[in-house]
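Report on the structure given below.
In this chain, residues are counted from 1 in sequence order. Remember, it's 1-based here, ligands and their atoms both numbered in the order they're listed.
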Amino acid sequence: MTKLKYVYEALKRASSYLDENGREEGAARILLQHELGLTYSGLIASMHDEISEQQFGEFWAKVEQHAKGIPVQHLTGSEEFYGRKFLVNPDVLIPRPETEELIEETLKLIDRYMTKKELAIADIGTGSGIIAITIKCELPEARVTATDISQLALQTAAENARRLNSKIDIRLGDLSKPLKGEKWDVILSNPPYIAHAEAPGLSDSVRDFEPHSALFADKEGLALYEKMALELPELLNKPGIIGFEIGYQQGQEVQKMLQDAFPDALVYSKKDINKNDRMVFAIIT
Ligand code: GLN
């Protein structure tokens, strides 16, 4: 490889290399910012600075790993969610922007239907903790509990909560089991919802590097909604709110499960910014 001198040359070379390897070229910028410890505007301002051989070497090693499919977030160790930085690793699902929309709608519903401030809110299958921690940061007076069946995921959630100074209660266990015996005002979940049959169509970055326990579920991906719909009636207060993230073809079925479980509730699905069904909510009054 010919020697490089400037930051912009490193970016250009990495962008074309990733493009040639069928990856998004934008990943080059993120990896370069990470290597140089710069914000986006900082990087733009540094384009004509020199890059040292060592920095270029470290940067290029990550570019090559990403070309092989390793997610950028595993290489940088973090992802942004709702304006905050969360640590991620192969034990947890990488935060997706769709889940920010679940938070947004939930906050709107709370504002509209809830009068008390000290809400009891639970996030089932918290993974990296994004839903529980974000809700606690946005509603500091709420009492927020996060569950997961994976001890390793909960370690990551606990570390994220600590770094973001968010006091949440973290409980190990299957779905809503750790919530039993108490009543909850709001229950949220972004459970695994991809059908096993869809695995071949997923990008290798997702299929080969993200935890399968966070991606896939039985019964065409619907198994965990079905279980939760059965478990939740004894856990919800009135008024109560349920919010699930779902797969884009699951709206009608998940809506029906919640309507059957809560016959008097207002149940609806909501599209994400890409116009795909992505959330189902139930308002129990
Ligand atoms: N609730 C976590 C998230 O939204 C984990 C989701 C999952 O593992 N399916 O990222």
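At a 4.0 Å cut-off, at least one heavy atom of Pro191 sits close enough to ligand 1 to count as contact.
Ranking the protein heavy atoms by distance from atom 2 (C) of ligand 1 puts Thr126 O, 3.2 Å first.
Leu172 approaches Pro178 most closely through the heavy-atom pair O-CG, 3.7 Å. Glu100 and Glu80 get closest at one heavy-atom pair: OE2-O, 4.4 Å. Closest of all the heavy-atom pairs between Glu245 and Pro191 is O-CD, 3.8 Å.
Considering backbone and side-chain N/O atoms, Gly125 comes within less than 3.5 Å of an N/O atom of ligand 1. When only interatomic distances are considered, the shortest N/O to N/O separation between Asn190 and ligand 1 falls below 3.5 Å.
Residue Pro192 has at least one heavy-atom neighbour below 4.0 Å for each of these atoms of ligand 1: 9 (N). Contact atoms of ligand 1 toward Ala214: 7 (C), 8 (O), 9 (N) (distance under 4.0 Å to a heavy atom of the residue). Per-residue contacts place Ile130 under 4.0 angstrom from the following atoms of ligand 1 (heavy atoms of the residue considered): 3 (C), 4 (O), 10 (O). Heavy-atom proximity to Thr99, at under 4.0 Å, picks out these atoms of ligand 1: 4 (O).
With a 4.5 Å cut-off on side-chain heavy atoms, Leu232 and Phe262 count as touching.
For the 3.5 Å distance criterion, the side chains of His74 and Asn89 fail to qualify, holding no donor opposite an acceptor.
Listed for the Glu101 side chain is a donor-acceptor partner under 3.5 Å among the backbone atoms of Ile273.
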